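Given the structure is predicted, the values throughout are model-derived calculations rather than measurements. Numbering of ligands and ligand atoms starts at 1, following listing order. Any value given below was found using the heavy atoms of this structure, including those in side chains, with hydrogens, waters and symmetry copies removed.
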Amino acid sequence: MNIAHRGFSAAYPENTLLSFRKALALGVTQLELDLQLSFDGHLIVMHDGSVDRTTNGSGNVSDLNHSEIKELDAGSWVGPEFEGLKVPTYQEVLTELDGEPTLVTELKFAGNDGIRPVLEMVENEGATNQVVISSFDLDKLTVVRQLAPDMPTTALLKTDDASARERVDRVLALGADTIGPRCSDTTQELVDVAHEAGLRVRAWGLGRDQGEEMTRLLDLGVDGMTTDCPDILQTILEARE
Ligand code: G3P
Ligand code: CA
């Protein structure tokens with residue numbers, strides 16, 4: 001499974017509708033995106049807690065209103081040809097990409113207050129079968145499981161000293177269906193223990209120049225990779241078919 005990280009983010013401004021559409025044009029069927037909450041409670045598609053890096057504005061998303069975020073330019077920081085791109089809301093992504101890809105939706109906002117609005121929006125937009133929820137904040141996944149037991153969830157894991165067994169057990173305890181290790185932490189043992197436990201393995205952290213790492217992970221039997229370069233992974237997958 002080729003999951004385009006923030007869309008086709010190696011070539012286009014991340015987490016924009018352009019980046020998502022360019023990934024889909026490659027034949028990718030899964031998009032990863034990040035959610036923040038604005039001051040007035042809108043679900044904003046952005047990785048960082050601040051708008052500084054990826055827009056021409058400044059300040060924390062949680063201190064800005066939706067209307068202020070909508071005035072920002074989310075393209076120029078990558079290049080003048082992208083000037084005028086807007087920061088999308090989650091609702092816009094669900095509407096614009098209705099019925100198309102699976103949206104791997106990472107909960108980045110602080111606290112748990114935004115979780116119910118996410119699940120309600122997915123339900124109201126008729127996108128229940130189109131969404132996977134992911135987070136590094138494993139408490140959030142527990143809340144998701146309580147509110148929407150059938151929602152697929154991916155537990156993202158940062159590097160730590162835990163064994164493969166411990167990592168898999170941590171994810172099983174949450175009731176998540178997928179374990180999301182960093183690519184460099186993904187070993188044959190982890191893949192095997194996860195699969196024996198009925199978990200899918202989706203590795204993340206694959207940027208540019210990592211074709212060899214993608215091939216290694218495919219050889220291990222991972223079920224998916226989240227990558228800034230879905231073009232490279234698509235080429236590798238097609239060559240192996
Ligand atoms: O899918 C996991 C990946 O998105 C994690 O890293 O920092 O890009 O959200 P980050
Ligand atoms: Ca992410």
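Under a cut-off of 6.0 angstrom, the local environment of CZ in Arg116 is sparse, with at most 12 non-hydrogen atoms contributed by other residues, nucleotides or ligands. By the 6.0 Å contact criterion, CZ on Phe39 is open, its count of non-hydrogen atoms from other residues, nucleotides or ligands being 12 or less. Shown here is Glu81, whose CD atom has more than 12 heavy atoms of other residues, nucleotides or ligands within 6.0 Å.
Using a cutoff of 4.0 Å between basic side-chain nitrogens and carboxylate oxygens, Glu92 and Lys70 are scored as salt-bridged.
Among His195, Arg202, Arg200, the single residue meeting the side-chain hydrogen bond (donor to acceptor under 3.5 Å, both in side chains) criterion with Asp223 is His195.
Asp48 is linked by a side chain to side chain donor-acceptor pair (under 3.5 Å) to Arg53, counting only residues two or more places apart in sequence or in another chain. Under the rule for a ring-ring contact (aromatic ring centres under 6.0 Å, His included), the partners of His42 that lie at least two apart in sequence or sit in another chain are His66.
Ser38 and Leu64 make their closest contact through CB-O, 3.3 Å (heavy atoms, listed as atom of the first residue, atom of the second, distance). Closest approach of Leu220 and Val191 over heavy atoms only: O-CG1, 3.3 Å.
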Pairwise, report which nitrogen or oxygen atoms of ligand 1 are under 3.5 angstrom from protein nitrogen or oxygen atoms, and how far apart they are.
residue  : atom  : partner : partner atom : Å
ligand 1 : 4 (O) : His5    : NE2          : 3.0
ligand 1 : 4 (O) : Glu32   : OE2          : 2.8
ligand 1 : 4 (O) : Glu106  : OE1          : 3.3
ligand 1 : 7 (O) : His47   : NE2          : 2.7
ligand 1 : 8 (O) : His5    : NE2          : 2.6
ligand 1 : 8 (O) : Arg6    : NH2          : 2.6
ligand 1 : 9 (O) : His47   : NE2          : 3.3
ligand 1 : 9 (O) : Glu106  : OE1          : 2.9
ligand 1 : 9 (O) : Lys108  : NZ           : 2.8

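For the Ca ion (ligand 2), the neighbouring protein N/O/S atoms at less than 3.0 Å, given as residue and atom, are Glu32 OE2, Asp34 OD1, Glu106 OE1.
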